[in-house]
Amino acid sequence: MLCLGFLYHTLRYNELLSGIRKTNARHLIIDTQSRVMMQPEPAVPLFHERVENQSAAVVDEYSYRSSVLSGRPNLAAIRMMMDAYGYRVERLSDWAGILRDNPDLNGGRDYARQGRATIRCVDAVDRGLASVP
């Protein structure tokens, strides 16, 4: 299952992860912003997103006027979310190494500045690795 560029445009994590869990996906790849990624405690800073910018937010039953709240979970929060839904963070992609080894790679600017992260998660329930049933 791919969750690319979406996790930081929502606060509806329970709904999202419950839906992913129902697919029985064995692996989950999350690509997200990482500006607060390495803080040690789980945190989800909040943001207002304008619904006029459809790539950031859309009008739905939870939006008010012209904005919706979204969050930017750090790695500790993502680990907690994954654990709650039976997944385990397996590894972070080594974008510094990928970009170093592929200097002609286009579109890697945010990764080079460590503004994005790619996280591979594995179904921990299926493999007996989950700490939360």
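For the single chain, residues carry numbers from 1 onward in sequence order.
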Q.
Could you see if Leu11 belongs to whatever hydrophobic cluster contains Tyr85? Use Ile, Leu, Val, Met, Phe, Trp, Tyr and a side-chain cutoff under 4.5 Å.
A. yes
Q: Determine yes or no for a side-chain-to-main-chain donor-acceptor pair under 3.5 angstrom, with Asn102 supplying the side chain and Asp104 the backbone.
A: no
**Q.** Glu52 atom CD, neighbour heavy-atom count above 12 within 6.0 Å
**A.** yes
Q: Output the distance between atom NE2 (His27) and atom CG (Leu2), rounded to the nearest 0.5 Å.
A: 12.0 Å
Q. When rounded to the nearest 0.5 angstrom, what is the spacing between CZ in Arg100 and CH2 in Trp95?
A. 13.5 Å
Q. Without hydrogens or angle criteria, can the side chains of Tyr8 and Arg116 be said to hold a donor-acceptor pair below 3.5 Å?
A. yes
Q. Going by atom types only, do Arg50 and Ser66 share a side-chain donor-acceptor pair under 3.5 Å?
A. yes
(Q) Tell me if a side-chain donor or acceptor on Thr23 pairs with a main-chain N or O of Ala25 at a distance below 3.5 Å. (A) yes
Q: Could you tell me whether a side-chain N or O of Arg120 sits under 3.5 Å from a main-chain N or O of Arg91, the two making a donor and an acceptor?
A: no
**Q.** In one Ile/Leu/Val/Met/Phe/Trp/Tyr side-chain cluster, 4.5 Å: Phe6, Tyr87
**A.** yes
Q: For side chain to side chain contact (heavy atoms under 4.5 Å, CB included), just list the numbers for Leu92 and Thr118, CA-CA rounded to whole Å, side-chain angles, deciding distance to a tenth of an Å, and then say yes or no.
A: CA-CA 6 Å; Leu92 300 176; Thr118 306; over 6 Å; no
Q. Which pair of heavy atoms, one from Ala76 and one from Pro40, lies closest together, and at what distance?
A. CB-O, 3.6 Å
**Q.** Neighbour count above 12 (heavy atom, 6.0 Å) for Met80 CE
**A.** no
Q. Between Cys3 and Leu28, which heavy-atom pair has the shortest distance, and what is it?
A. CB-CD1, 4.2 Å
(Q) Between Leu69 and Phe47, is there a side-chain heavy-atom distance shorter than 4.5 Å? (A) no
(Q) Salt bridge or not between Arg88 and Asp83? Use side-chain N to carboxylate O under 4.0 Å. (A) no
Q: For Asn74 and Ala43, indicate whether the former's side chain and the latter's backbone hold a donor-acceptor pair under 3.5 Å.
A: yes
Q: Quick one: pull up CG in Leu16 and CG in Leu7 and give me the separation to the nearest 0.5 Å.
A: 6.5 Å
Q: State, to 0.1 Å, how close Arg72 and Val44 come at their nearest heavy-atom pair, and which atoms those are.
A: N-CG1, 3.8 Å
Q: Compare every heavy atom of Cys121 with every heavy atom of Ile30, then report the nearest pair and how far apart it is.
A: CD1-SG, 4.1 Å
Q. If you measure from CG on Asn24 to CG on Asp123, what distance do you get to the nearest 0.5 Å?
A. 7.5 Å
Q) Transitively linked via ILVMFWY side-chain contacts under 4.5 Å: Leu46 with Tyr64? A) no
Q: Kindly give the heavy-atom pair with the smallest separation between Leu4 and Ile29, and that separation in Å.
A: CD2-O, 4.2 Å
**Q.** Closest heavy-atom pair and its distance - Pro73, Met81
**A.** CB-CE, 3.7 Å
Q | Any residue meeting side-chain hydrogen bond (donor to acceptor under 3.5 Å, both in side chains) with Thr10, in chain and number order, not counting sequence neighbours | A | none
